[in-house]
Amino acid sequence: MTNKNEKELQKKMADYQRFGFILLAVSTFFYLGLVLPVEDKNFIQSITLGIASLTCLGFTALMYNVVRKCKVQLQEITK
């Protein structure tokens with residue numbers, strides 16, 4: 001039973017790390033869209049890109065927080 005839980009936690013950790021990395025990459029693209037000068041970009045678009053970038057960064061932090069909690073659970077199981 002413990003071995004099954006360990007494998008499930010390791011799979012969850014890997015998935016959440018992937019989600020976090022992808023969200024970080026998406027956030028980077030939104031930020032680049034914000035800071036690169038474009039003639040057609042107006043104030044609303046800049047605000048939208050900034051909010052989208054910060055939102056992705058927030059979800060990235062959430063994903064890595066879940067990974068940290070999974071690591072703690074995995075350590076408790078293996079003891």
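FYI, the numbering just counts along the sequence from 1.
- Side-chain contact check for Phe21 versus Tyr64: some heavy-atom pair is nearer than 4.5 Å.
- No path of Ile, Leu, Val, Met, Phe, Trp and Tyr side chains, each step under 4.5 Å between heavy atoms, connects Val72 with Leu9, placing them in separate hydrophobic clusters.
- Note that CG of Leu34 is 15.0 Å distant from CZ of Phe29, once rounded to the nearest 0.5 Å.
- Atoms CD1 and OG, on Ile22 and Ser27 in that order, are 13.5 Å from each other to the nearest 0.5 Å.
- Taking every heavy atom of both residues into account, Asp40 and Gln45 meet most closely at O-OE1, 3.4 Å.
- Residue Lys69 places its NZ atom among 12 or fewer non-hydrogen atoms of other residues, nucleotides or ligands, all under 6.0 Å distant.
- Interatomic distance, CD of Glu8 versus SG of Cys70, reported as 11.0 Å (0.5 Å rounding).
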Between side-chain atoms of residues 54-62 and protein atoms elsewhere (two or more places apart, or another chain), which donor-acceptor pairs fall under 3.5 Å?
unit_1 : atom_1 : unit_2 : atom_2 : d
Thr55  : OG1    : Ile51  : O      : 2.7
Thr60  : OG1    : Leu24  : N      : 3.4
Thr60  : OG1    : Cys56  : O      : 2.8

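- Taking the charged nitrogens against the carboxylate oxygens, Asp15 and Lys12 have no contact shorter than 4.0 Å, which rules out a salt bridge.
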>> Checking Lys41 against Leu49 for the side chain to side chain contact (heavy atoms under 4.5 Å, CB included) test, could you report, in this order, the C-alpha distance in whole Å, the side-chain angles of both residues, the deciding distance, and whether it holds?
In response: CA-CA 10 Å; Lys41 185 170 53 173; Leu49 286 170; 4.2 Å; yes
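- Judged by distance alone, the side chain of Lys71 and the main-chain N or O of Met13 form no donor-acceptor pair under 3.5 Å.
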